[in-house]
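Heads up, the thing below is written out as C-alpha cells.
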Amino acid sequence: MKKMNPAPVITAPKEGRADILIKWVMFTAAITGLAVLSAFYPIQGNIPIIVIPSILVLILAKPVFFERLKLTTLLTMRIVIVFAALGFFNPQVYVDLIMLALIINILEATFTDLLRHKKIYNAISGFALAVGVITLRGLWQWDAPFGQYYLAEGVLPIVTVCYVLAYTLWNWIFVSNEFSSSVALMHVGFLLAPILGSVCTLGLGVYGGIGMWLLLRANSLAIGGWMQIGAKNWFEREFKNDRFHAFVQWTKKKNCQIVFMLINLALIGTALYLTFANGGIRFEFAPFFLK
C-alpha cells in the first residue's frame, strides 16, 4: 500500500515592515482628514464623525472606567461645540472652556505619570505645559470664509510652534508609559494628524495654519478615543513591531527622559519669554450671551 504524504501546512506569510508602514500611513491620513472635516464643520462633520461613533462605542464596547471617563469628557466637549455653533450661547465662551479643558487634560495625564508610573521627568514637563497654556489665546473665527471654528495662537507664530512641539513630545512619552508599543505607534499618527492638518490649512492665511492645531488635536484625540476603545485588539495586533518596541524601550531610559524634559522646558521657556516680551497674556473673559 502506497504511503500517503501528509498535507502541507500552509502558514500565513510574515508581515513585513512595509505592510505596517502602509497601514500606519493610511490610518494617519484618515485621522487627519476626519479631524480637519470635523473642525471646519462642528455640526455636519463633528456629529457623524465624532459624536455618534463615541456614543455607540460607550454603549457597545463596554470600556473600563478610565476609558469611559476619558471618552465621555471628550464627547461632552464635542456636543457643547454643536450648541455653540448653533448660537445657543457665545461661541467664544466655548473656546475659553477649551483652554481650561486643555490644562485639566494635561494635569490629569501628568499626575498619572507621576503617581502611577513614577516618571518624574515627564511629569515636570507636564506641569510646565500646563503653565504654558497661558501663552495661547483662543478666538472664535466669526468672519471665516467658510465653516465655523476657532484658532488658538501665541502672540507670535514661533510661540505656537514651540508649544505644539513641547506638547507633542510630552504626550507621546506619556502614551509610551501608559500603553503598549503598538498603541504608542498608533499615537504617533494621532499626534502627527493635527500638525499635518495645520500644514494643509496654510493656504487659508490668517484663518488657518498652526492656529488650527489645538482644534485639530481635540478632534483627533476624540476620534482616537473611540477608535482605540472600539478596536484596541486590532491596533495591538496590526501595529506590533519589534524594532519600534525596542525604540520605545530606549526612550524610557533615564538619560533619554532627562533630555526630553530639558527640550520641553526649553520650548516652554521660550514660549513664555516671547509672550511676556511681546505684550504678555491676552486672555479676556467673554460674555456668555451675545448682545
Side-chain angles (χ1 to χ4, degrees), residues 35 39 73-74 77 81 84 90-111 113-114 121-142 144 149-175 190-199 201-202 204-222 259-286:
T73 302
L74 294 168
M77 297 307 294
I81 197 175
N90 185 355
Q92 183 58 43
V93 173
Y94 173 81
V95 182
D96 296 341
L97 287 175
I98 281 291
M99 306 308 292
L100 177 61
L102 175 60
I103 296 174
I104 294 173
N105 183 272
I106 291 171
L107 290 177
E108 177 187 38
T110 298
F111 280 111
D113 248 345
L114 183 63
Y121 303 113
N122 204 47
I124 292 173
S125 296
F127 287 124
L129 275 169
V131 173
V133 172
I134 65 174
T135 64
L136 302 178
R137 175 70 174 115
L139 292 173
W140 190 267
Q141 300 303 292
W142 302 98
Y149 59 99
Y150 64 87
L151 299 178
E153 300 173 293
V155 65
L156 299 172
I158 188 62
V159 171
T160 317
V161 171
C162 284
Y163 191 86
V164 168
L165 293 177
Y167 178 95
T168 301
L169 176 60
W170 162 81
N171 192 262
W172 188 81
I173 295 299
F174 165 76
V175 167
F190 282 146
L191 289 165
L192 189 60
I195 297 175
L196 291 174
S198 298
V199 172
T201 61
L202 283 172
L204 294 174
V206 296
Y207 295 104
I210 195 64
M212 291 286 298
W213 173 81
L214 182 58
L215 174 56
L216 294 175
R217 173 55 184 161
N219 288 350
S220 63
L221 185 60
V259 170
F260 297 147
M261 177 193 70
L262 293 176
I263 293 174
N264 265 298
L265 293 179
L267 289 168
I268 295 299
T270 301
L272 288 169
Y273 171 77
L274 291 175
T275 297
F276 286 102
N278 290 274
I281 302 171
R282 300 175 296 158
F283 178 79
E284 297 177 4
F285 286 102

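The model shown is predicted, which means the values in this text are computed figures rather than measured ones.
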With Thr270, the side-chain contact (heavy atoms from CB on, under 4.5 Å) member among Leu272, Leu267, Leu274: Leu274
Closest heavy-atom contact between Ala35 and Ser220? CB-N, 4.1 Å
When rounded to the nearest 0.5 Å, the distance separating CD1 of Ile103 from CD1 of Ile134 is 8.5 Å
Closest heavy-atom contact between Ile106 and Gly126? CG2-O, 3.3 Å
Test item: Met212 and Tyr207 side chains (from C-beta on) under 4.5 Å apart, heavy atoms: no
Note: Met261 and Tyr121 closest approach over all heavy atoms is CG-O, 3.5 Å
Applying side chain to side chain contact (heavy atoms under 4.5 Å, CB included), run through Ser198 and Leu216 and close with a yes or a no. CA-CA 8 Å; Ser198 298; Leu216 294 175; 4.0 Å; yes
Looking only at non-hydrogen atoms, find the nearest pair between Gly209 and Leu202 and report the distance. CA-CD2, 3.7 Å
Return the CH2 to CG distance between Trp213 and Leu165, rounded to the nearest 0.5 Å. 10.0 Å
Side chain to side chain, Arg137 and Glu284, heavy atoms closer than 4.5 Å: yes
For residues 150-170, pull every pair meeting side-chain hydrogen bond (donor to acceptor under 3.5 Å, both in side chains), keeping only residues two or more places apart or in separate chains. Tyr167-Arg217
Just by modelled atom types, is the Ala144 backbone N or O under 3.5 Å from a matching donor or acceptor in the Tyr149 side chain? no
Where do Leu214 and Ile98 land on the side chain to side chain contact (heavy atoms under 4.5 Å, CB included) test, with the steps shown first? CA-CA 9 Å; Leu214 182 58; Ile98 281 291; 3.9 Å; yes
Within the structure provided, determine whether Phe174 and Ser125 are in side-chain contact (heavy-atom separation under 4.5 Å). no
Ile124 vs Leu265 side-chain heavy atoms within contact, under 4.5 Å: yes
What distance do Thr201 atom OG1 and Ile210 atom CD1 have between them, rounded to the nearest 0.5 Å? 8.5 Å
Minimum-distance pair of heavy atoms, taken over all atoms of Met99 and Val133: O-CG1, 3.9 Å
Test item: Gln92 side-chain N/O and Phe285 main-chain N/O as donor-acceptor pair under 3.5 Å: no
To the nearest 0.5 Å, how far apart are CG in Asp113 and CG in Leu107? 12.0 Å
Applying side chain to side chain contact (heavy atoms under 4.5 Å, CB included) to Val131 and Ile268, what does each step give before you reach the verdict? CA-CA 9 Å; Val131 173; Ile268 295 299; 5.8 Å; no
Inter-residue atom distance Asn278.CG - Leu156.CG, 0.5 Å rounding: 4.5 Å
Of the non-hydrogen atoms in Leu151 and Val206, which two are nearest, and what is the gap between them? CD1-O, 3.2 Å
Rounded to the nearest 0.5 Å, how far apart are CG of Asn105 and CG of Asn171? 7.5 Å
